[in-house]
Amino acid sequence: MLQVAYIRDNKEDIVKRLAKRNIDATQMINEVISLDEARRSLQTKLDSTKAESNSLSKEIGNLFKSGEAQKANLLKEKTTQLKETTKTLEQELNYKADELKALLYKIPNVPNTIVPAGNTDEDNEEVFREGDIPVLYDGALPHWELAKKYDIIDFELGNKITGAGFPVYKGKGAKLQRALITYFLDKNTEAGYTEFQLPHLVNEASGFGTGQLPDKEGQMYHVTADNLYLIPTAEVPGTNIFRDTLLAESDLPIGITGYTPCFRREAGSYGAHVRGLNRLHQFDKVEILRVEHPNNSYNALDGMVEHVKDILKELKLPYRILRLCGGDLGFTSALTYDFEVFSTAQDRWLEISSVSNFETFQANRLKLRFKNSEGKNELCHTLNGSSLALPRVLAGILENYQTEDGIKIPEVLIPYTGFDMIS
RNA sequence: GGAGAAAUGGCAGAGUGGUCGAAUGCACUGGUCUUGAAAACCAGCGAGGGUCACACCUCCGGGGGUUCGAAUCCCUCUUUCUCCGCCA
């Protein structure tokens with residue numbers, strides 16, 4: 001959520017930068033400003049009415065004390081009137097404030113100046129590419145075929161137990177999955193992130209804190225009996241650690257990491273692009289999350305990108321990094337880098353990580369602040385990224401590491417799997 | 001699930017109808033002292049709204065009520081603790 005004061009002071013710039021998302025925010029921005037003006041003038045009226053009745057109350061108290069009950073009772077009548085005025089003003093004020101809030105919830109974050117303009121993923125800007133694309137043997141298979149051939153992932157069994165999009169990992173497949181999780185967590189903690197185990201269900205307040213609510217509830221599984229939501233990403237419980245928090249400047253930066261399953265309802269879509277592990281209702285992910293001083297957040301973003309690069313390099317997977325264009329940028333993000341692994345057998349790029357700086361957009365909603373060197377409370381910057389999302393990394397490994405004799409395990413993972421080949 | 005107690009500023013913790021946005025301690029900031037640091041002493045120090053700045057308004061877990069006036073009384077919800085029950 002953007003801050004009203006920021007909108008007031010940077011109207012033109014905001015409209016210009018939001019245009020990169022292909023939205024014309026002029027009207028919304030103007031409405032915010034006029035709603036805020038209306039809100040403030042009501043607030044002023046209400047405040048002075050309350051001030052009057054406060055001072056009358058004091059007077060009444062004093063009169064009763066000095067035994068002048070008659071005078072006091074006269075004043076009481078006056079306060080009754082003021083009370084009614086207060087009530088109506090309060091109602092009007094609440095109405096305006098709600099309207100303003102609802103509108104603010106609808107305005108996405110302002111893209112950073114280096115975000116390229118564009119509509120679709122085709123307009124994303126490739127900024128880096130590394131790793132050799134392997135030449136595979138004749139008859140190389142996509143991962144869903146490999147999964148069947150080596151009996152390591154069972155999609156049909158998942159259908160039986162739950163439904164589409166809930167695969168069952170078996171034997172060496174399960175072990176490889178667990179190896180990846182442990183390896184990612186180890187890499188992250190080595191880089192200074194503190195490991196957390198977080199709840200997989202969150203309450204409504206947390207959903208609002210990170211922006212899944214009020215508009216995107218359809219994407220989450222909802223446990224209606226207890227009004228809880230299954231997390232779509234560890235970002236939700238992880239970021240909400242810091243809801244309503246006032247930090248000392250010396251607490252920054254904070255880096256945390258956590259493994260969680262992620263649950264996403266997603267609108268159903270079928271075809272090769274969502275086959276196998278490409279898109280699931282339940283998948284595993286290791287997330288990194290940072291709370292930063294505003295002066296350092298872009299530095300930190302670069303650091304996170306380097307960190308993810310390092311992991312992919314160790315896994316020896318061919319990948320590229322994209323700077324997302326305005327049209328592809330997430331609602332809450334100011335700048336996002338996507339990582340994609342090239343899947344040779346599918347002959348396409350698979351998104352495996354998304355690293356973003358939200359600047360103060362989340363912090364404003366969360367009320368996540370720190371006391372700065374001037375003693376003033378200032379909003380922190382928040383960032384997060386996947387490091388990494390499991391299914392597509394797994395798909396990438398299966399497809400790129402396949403040989404006619406079986407699937408080789410990347411060297412860095414062998415200490416974690418205890419085997420070097422799936423055959 | 002049953003019975004009881006509690007929720008107050010960054011933290012701890014007083015405060016049971018008016019002068020309480022709230023004692024005190026810790027933490028923090030500035031100063032004195034010191035070669036420097038520590039200690040000691042002095043001063044400052046909650047948040048949000050509002051204002052050019054003041055004034056002023058709101059906030060004592062959330063919501064509602066009583067009252068001229070509520071941190072304080074009542075209702076309700078949530079959470080925590082203690083005891084009992086049940087259970088991995």
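By convention in this document, chain letters (A, B, ...) are assigned in the order of the sequence lines, proteins followed by strands, and residues within each chain are numbered from 1.
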Give none if B:U29 has no partner; otherwise give the nucleotide forming a Watson-Crick or G-U wobble pair with it, both distances under 3.5 Å.
-> B:A43
Nearest-Å distance for atom pair CG/C1', residues A:N364 and B:A47 = 15 Å
Provide the Watson-Crick or G-U wobble partner of B:U24, both distances under 3.5 Å; none if there is no partner.
-> B:A12
Whether A:H143 and A:F155 hold their rings parallel, tilted or perpendicular, with breakpoints at 30° and 60° | tilted
Please measure how far the C1' atom in B:A55 lies from the corresponding atom in B:G63, and state the result in whole Å.
-> 31 Å
Cut-off 3.5 Å, side chains only: do A:S53 and A:K83 have a donor facing an acceptor?
-> no
Looking only at side chains, do A:Q362 and A:E235 share a donor and an acceptor under 3.5 Å apart?
-> yes
Euclidean distance for P, B:G2 against B:U76 (whole angstrom) = 15 Å
Close N/O contacts between protein and nucleotides 61-63 of chain B (under 3.5 Å):
none

Nearest whole angstrom, please: distance from the P of B:G48 to the NZ of A:K367.
-> 10 Å
Do the side-chain N and O atoms of A:D284 and A:Q177 include a donor-acceptor pair separated by under 3.5 angstrom?
-> yes
How many Å lie between NZ on A:K101 and C1' on B:G49, as a whole number?
-> 14 Å
Between B:G61 and B:C54, how far apart are the P atoms? Round to whole Å, please.
-> 29 Å
Same-atom distance (C1') from B:C87 to B:A14, integer angstrom | 41 Å
Inter-nucleotide P distance (B:U19, B:U58), Å rounded | 13 Å
ring-ring contact (aromatic ring centres under 6.0 Å, His included) partners of residues 167-191 of chain A, not counting sequence neighbours, each pair once | A:Y183-A:Y416
Pairwise P distance for B:C81 and B:G13, with rounding to whole Å = 15 Å
Nearest-Å distance, CD (A:E90) to P (B:G49)?
-> 18 Å
Quick one: label A:K78 by what it contacts on the DNA or RNA (base, sugar-phosphate, nothing), any heavy atom closer than 4.0 Å.
-> nothing
Polar-atom pairs under 3.5 Å, protein N or O versus N or O of nucleotides 69-76 of chain B: list them with distances, or write none.
residue, atom, partner, partner atom, Å
B:G69, O4', A:S57, OG, 3.4

Could you check how far CD of A:E59 sits from C1' of B:U19, rounded to whole Å?
-> 15 Å
A:R369 side chain near B:G10 phosphate (N/O to OP1/OP2, under 4.0 Å) = no
Who is the Watson-Crick or G-U wobble partner of B:C52, with both distances under 3.5 Å?
-> none
Partners meeting salt bridge (charged side-chain N to carboxylate O under 4.0 Å, His left out) with A:K101 (sequence neighbours left out) = none
Any side-chain donor-acceptor pair under 3.5 Å between A:H307 and A:N188?
-> yes
For atom P, what is the distance between B:G10 and B:G49, given to the nearest Å?
-> 15 Å
Just how far, in rounded Å, is P of B:G50 from CG of A:L42?
-> 13 Å
Taking any strand in view, what nucleotide pairs with B:U35 in a Watson-Crick or G-U wobble way, both distances under 3.5 Å?
-> none
Out of B:C68, B:G46, B:U51, whichever nucleotide has its closest atom nearest the side chain of A:R40 | B:U51
How would you label the contact of A:N377 with the nucleic acid (heavy atoms, under 4.0 Å): base, sugar-phosphate, or nothing?
-> sugar-phosphate
Nucleotide opposite B:C83 in a Watson-Crick or G-U pair, distances under 3.5 Å | B:G2
Rounded to the Å, how far apart are A:N227 CG and B:U78 P?
-> 12 Å
Between the protein and nucleotides 55-60 of chain B, list the N/O to N/O atom pairs that are separated by less than 3.5 angstrom.
residue, atom, partner, partner atom, Å
B:C57, OP1, A:N54, ND2, 3.1
B:C57, O2', A:D47, OD1, 2.9

Quick one: is the NZ or CZ of A:K309 closer than 6.0 Å to the six-membered ring centre of A:F128, and within 45° of its axis?
-> yes
So, A:N112 and A:Y298: side-chain donor and acceptor under 3.5 Å apart, yes or no?
-> yes
B:G49 OP1/OP2 closer than 4.0 Å to side-chain N/O of A:R39 = no
Is a side-chain donor-acceptor pair under 3.5 Å present for A:D47 with A:Q43?
-> yes
Test side chain to side chain contact (heavy atoms under 4.5 Å, CB included) applied to A:N384 and A:I288, step by step = CA-CA 6 Å; A:N384 71 43; A:I288 48 176; over 6 Å; no
B:C57 to B:G21 separation - C1' atoms, rounded to the nearest Å = 13 Å
Decide whether A:N203 and A:S206 meet the rule of one side-chain donor and one side-chain acceptor closer than 3.5 Å.
-> yes
Base-pairing mate for B:A7 - Watson-Crick or G-U, with both contacts under 3.5 Å | B:U78
May I ask you to verify if any side-chain N or O of A:K371 is less than 4.0 angstrom from the OP1 or OP2 atom of B:C45?
-> no
Atom CG of A:N372 to atom C1' of B:C28: distance rounded to whole Å?
-> 14 Å
Between A:F419 and A:K172, is there a cation-pi geometry (under 6.0 Å to ring centre, at most 45° from the normal)?
-> yes
Searching all strands shown, indicate the nucleotide that pairs with B:G69 (Watson-Crick or G-U wobble; both distances under 3.5 Å).
-> none
Residue whose closest nucleotide on RNA chain B lies nearer the 5' end, A:T79 versus A:G61 | A:G61
Summary of ring-ring contact (aromatic ring centres under 6.0 Å, His included) pairs that have at least one residue in residues 216-249 of chain A, sequence neighbours excluded | A:H222-A:Y229
